[in-house]
Amino acid sequence: MVTGVLFAMLVSLNLAQRGPSLQSVGLRPVQLLNRQFIDLSGLWKVKLDPNNIGIADNWANKTLLTPVLNAPVPSTLNDILGADAGAYAQSWTDGYFKPVWYEKTFSLPLNLQGKHIALRFDAVTFDATVFVNGVSVGSHHGCCIPFITDDVSSYLVFGKKNRLTVRVDGFRSWQSMPPGATTKDSWGREMLLGGDAGYYYSTVGIDGKVRLVITSGTARITDVVAVPSYHKESNGSYTGLLDVNVTCEGSQCNNSVAAVTILDQSENPVGRALVLGTLNNKFNNYFGSFTIQNAKLWWATGGAYNGCLPGAPTRYTPSCDTNPTSRTPYLYTVNIELVPKQFATKVGLGLVGDGHSIDEYSLKVGIRTVAVDFTMGKYLLNGEAFYFRGVDAHLDSPVIGHGVDTAMLLHDFNIMRSLGMNSFRFNSWPAPEALLDLCDEFGFLVQSEVSGIGLRGGWDPSCPSNTPGGIFNATAPVCANASTLLVHQNALKALVSRDKNRPSVGVFSLANEPDVSYHGPQNTKLEMTRTTDKGDIADPGAVSYFKALKNTVKQSDPQKRPVTVEMDGLCFDFHNKVALDLKNIHNYPGWYDFAPLDNVTLTMETFIQDWIDNGNEGAPVIVSEYGAGAVAGLSGNIIKQYNEEFQVQALLADHRAFDNFLTHSNKRNTKKTTNNNAGTSTLCGEHVHSFHDFQQSGASTSLGGEKNLVTDIMGLNYKGLLSRDRHPKPAAQVIRLRYQKLQQQQQ
């Protein structure tokens with residue numbers, strides 16, 4: 001038995017071995033005159049560590065010895081191992097998730113001496129400890145979000161080879177994000193239990209790029225915050241406002257100024273100023289406010305002009321007017337130069353590359369606002385009601401799994417555009433930065449979601465934590481305690497930090513389908529199964545937990561975006577007490593309940609109406625998961641689950657329910673509000689689940705009703721509009737026709 005004191009000592013010892021915690025997201029790497037990066041992506045050496053002996057044997061301080069495999073970065077290791085892993089891959093029900101050690105050697109030229117050099121990881125699943133030439137430079141917990149080290153230049157050798165070693169661990173506990181634990185199946189094989197197990201297959205790997213970020217050794221820009229707003233003038237034009245806050249770290253920050261220039265899309269300056277800094281602890285902050293006359297706003301058009309995609313084949317879009325409207329996803333560029341004060345009059349007020357700047361940074365911004373109108377029950381983009389036409393997406397593809405493949409992201413994004421979408425939600429996984437670039441440019445509104453899936457109850461801050469590295473004890477409490485909350489808050493802070501300047505990010509989601517209903521007395525083991533009884537009472541611990549998460553996002557986000565939780569039941573009490581901004585609801589009538597297709601429309605209609613009448617008053621409703629599964633190519637005269645005809649008919653039935661609210665302007669709203677400042681909720685969007693089939697689980701205990709012979713054999717979730725390898729099903733055409741119709745109606 002591990003006592004509380006001993007447990008704390010074990011954690012402290014573990015953290016000491018891993019080095020400092022790396023929580024900072026870090027600015028996204030860019031190539032400029034005084035700011036470069038070296039991409040270390042490509043083939044790395046990897047060595048599996050199933051018995052967790054690598055730390056004791058000091059693998060970080062020596063070249064990895066056989067058996068050593070090759071793996072590309074970025075990629076999910078599980079999809080790469082294949083037969084090369086031999087018996088290792090057969091020892092785990094859903095794939096390898098034990099520690100694995102990555103190794104990469106590289107050389108640096110002598111002229112980089114004296115520079116500040118940091119390592120930025122775009123994404124690692126799940127925990128990472130980083131070593132440079134055998135020295136631990138830090139560790140990071142959690143998946144999907146970038147992190148960056150401090151200056152590692154003192155550990156590097158210039159003009160010779162360097163060795164970068166990363167220990168990656170796929171183990172999860174109830175105090176990780178996403179949560180989970182391990183158990184053994186009847187054959188003695190270890191498998192994940194809870195959390196993302198069964199929904200996201202067991203994974204481990206470096207999923208994003210790894211880059212050396214090289215900046216000045218005396219002063220560097222470490223963060224930029226840009227907050228947009230606007231005024232509409234009497235003549236119909238817009239005056240844009242942009243507050244820019246620049247953070248500098250280094251010995252010369254106090255002797256420097258920030259030269260900030262705002263450029264339009266033709267690279268004409270529309271605002272610029274020299275901004276003096278103020279010392280704040282070890283950082284200097286430079287703040288400037290800019291006014292942009294005749295500003296162009298950023299709109300979520302879905303990349304289409306009047307329903308058309310310029311240059312797209314007619315088989316994807318109808319014939320229509322291709323002249324661009326005034327409503328485009330217009331982007332401005334913010335250029336920032338850090339300049340010594342003695343040269344401040346010589347820089348031309350922000351023209352990059354004049355030879356005097358110490359550091360510079362550049363980013364794209366959009367002038368737009370997002371908000372919720374609780375009186376009208378609407379989601380507002382630039383003060384106008386916005387209807388979400390979109391999809392749930394997953395970061396998953398053959399061969400590289402959760403690895404970020406820019407070509408695949410662009411391929412997927414172009415298909416989304418051709419289907420008439422203007423938004424998407426990346427399900428339980430933050431969308432990659434490269435995909436958000438496309439959303440900024442082409443006008444998609446994104447719900448940015450932390451990997452908070454698998455929170456199945458037991459909301460007790462005093463509940464004991466799982467033993468690090470231990471096997472899940474079925475008699476131990478399944479709970480989210482104070483440690484879970486801290487990890488969850490840190491994940492949300494990192495997500496907001498990464499996405500804070502994105503015009504395309506319009507909503508932050510705290511978690512996916514948590515069990516927030518009250519099941520019984522606190523401090524007892526709560527059931528993991530979710531209830532769908534109408535009017536569930538909220539667990540007081542869940543209310544406190546999510547209030548804290550909501551406050552974390554509201555305090556961290558400079559743009560104060562709406563906040564939501566993805567709900568799959570009817571716990572209105574929870575939604576009301578936490579006072580969430582949106583009602584994001586999930587329902588799959590005819591799929592999980594095996595109900596006749598004739599009942600789908602009424603079931604969906606009733607479900608939406610219940611949420612309109614209940615929960616936080618005036619919060620708009622988004623049906624953010626609905627649909628049914630189909631195996632691509634499986635067809636027949638009899639409509640039954642998993643054939644393509646069933647998926648098509650289920651979607652059409654769901655759409656009839658949506659149309660009953662849109663066509664009749666929510667006339668079924670009958671509930672009188674008790675809050676004089678709130679009105680009635682309305683349906684403001686639909687996200688079909690999902691964009692493509694995705695790897696889910698190979699176990700026979702697949703989560704959420706996907707227990708089926710087909711799923712058990714293939715380990716896939718088949719609700720996609722496309723197959724996992726991106727072949728369209730007939731359902732894709734159903735969505736394309738619907739979204740084109742909605743787009744025409746809502747223009």
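The first residue in the sequence is number 1, and the count goes up from there.
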Side-chain heavy atoms of Glu449 within contact of Trp429, under 4.5 Å: no

Neighbour count >12 (heavy atoms, 6.0 Å) for atom NZ, Lys741: no

pair Lys378-Thr682: side-chain heavy atoms closer than 4.5 Å: yes

Side-chain ion pair, Asp693 and Lys719, N-O less than 4.0 Å: no

Residues Glu686, Arg738: salt bridge by 4.0 Å N-O rule: yes

Aromatic plane relationship, Trp611 with Phe572 - under 30° parallel, 30 to 60° tilted, over 60° perpendicular: perpendicular

Any residue meeting side chain to side chain contact (heavy atoms under 4.5 Å, CB included) with Ala632, in chain and number order, not counting sequence neighbours: Glu644, Ser723, Lys729

Any Cys684 side-chain heavy atom under 4.5 Å of Val621 side chain: no

Partner of Asp396 by side chain to side chain donor-acceptor pair (under 3.5 Å), out of Arg724, His402, Gln695: Arg724

Near-ring test Tyr379/Phe388, centroid separation under 6.0 angstrom: yes

Sub-4.5 Å side-chain heavy-atom contact between Gln647 and Gln641: no

Shortest non-hydrogen contact from Asp440 toward Ser504: OD1-OG, 2.6 Å

Sub-6.0 Å ring centroid separation between His394 and His689: yes

Trace of the side chain to side chain contact (heavy atoms under 4.5 Å, CB included) decision for Ser635 with Asn643: CA-CA 5 Å; Ser635 181; Asn643 69 21; 5.7 Å; no

Donor-acceptor under 3.5 Å (Asn584 side chain, Ile622 main chain): no

Glu566/Arg425 ion pair, N-O < 4.0 Å: yes

Heavy-atom closest contact (Val648 atom, Val734 atom, distance): CG1-CG2, 3.8 Å

Backbone N/O of Lys554 and side chain of Lys560: donor-acceptor pair under 3.5 Å: yes

Residues which pass ring-ring contact (aromatic ring centres under 6.0 Å, His included) with His488, listed by chain and number, not counting sequence neighbours: Tyr545

Whether Tyr739 side chain and Gly390 backbone form a donor-acceptor pair below 3.5 Å: yes

Evaluation steps, side chain to side chain contact (heavy atoms under 4.5 Å, CB included), between Glu625 and Asn427: CA-CA 10 Å; Glu625 281 193 30; Asn427 191 312; 2.9 Å; yes

Salt bridge (charged side-chain N to carboxylate O under 4.0 Å, His left out) against Arg561, all qualifying residues, sequence neighbours excluded: Asp557

Non-hydrogen atoms of Pro620 and Val372 that approach each other most closely: CD-CG1, 3.5 Å

Asn599 (side chain) donor-acceptor with Ala595 (main chain) under 3.5 angstrom: no

Parallel, tilted or perpendicular: ring planes of Phe444 versus Phe424, cut at 30 and 60 degrees: tilted

Check: His575 side chain, Asn616 main-chain N or O, donor-acceptor pair, under 3.5 Å: yes

Test item: Asp593 side-chain N/O and Gly590 main-chain N/O as donor-acceptor pair under 3.5 Å: yes

Side chain to side chain contact (heavy atoms under 4.5 Å, CB included) against Ser448, all qualifying residues, sequence neighbours excluded: Leu495, Arg498, Asp499, Val505, Phe508

Backbone of Ile453 reached by a side-chain donor or acceptor of Asn512 within 3.5 Å: no

Donor-acceptor pair, side chain of Ser681 and main chain of Gly377, under 3.5 angstrom: no

Nearest heavy-atom neighbours spanning Phe374 and Ala619: CD2-N, 3.7 Å

Test item: Thr601 and His655 side chains (from C-beta on) under 4.5 Å apart, heavy atoms: no

Basic-acidic side-chain contact under 4.0 Å: Arg327, Glu384: yes

Test side chain to side chain contact (heavy atoms under 4.5 Å, CB included) applied to Val370 and Phe386, step by step: CA-CA 10 Å; Val370 292; Phe386 180 83; over 6 Å; no

ring-ring contact (aromatic ring centres under 6.0 Å, His included) involving Phe546 - partner list, sequence neighbours excluded: Trp459, Phe574

Any side-chain heavy-atom pair of Val578 and Val565 under 4.5 Å: no

Salt bridge present between Asp539 and Lys577 (N-O < 4.0 angstrom): no

Least distance between heavy atoms, Thr369 atom then Gly383 atom: OG1-N, 4.1 Å

Short side-chain donor-acceptor distance under 3.5 Å, Gln559 and Arg368: yes

Trp298 backbone acceptor or donor facing Asn382 side chain under 3.5 Å: yes

Residue list, ring-ring contact (aromatic ring centres under 6.0 Å, His included) with Tyr387, at least two apart or on another chain: none

Pair Val600-Trp591, side chain to side chain contact (heavy atoms under 4.5 Å, CB included): steps then yes or no: CA-CA 9 Å; Val600 168; Trp591 184 245; over 6 Å; no

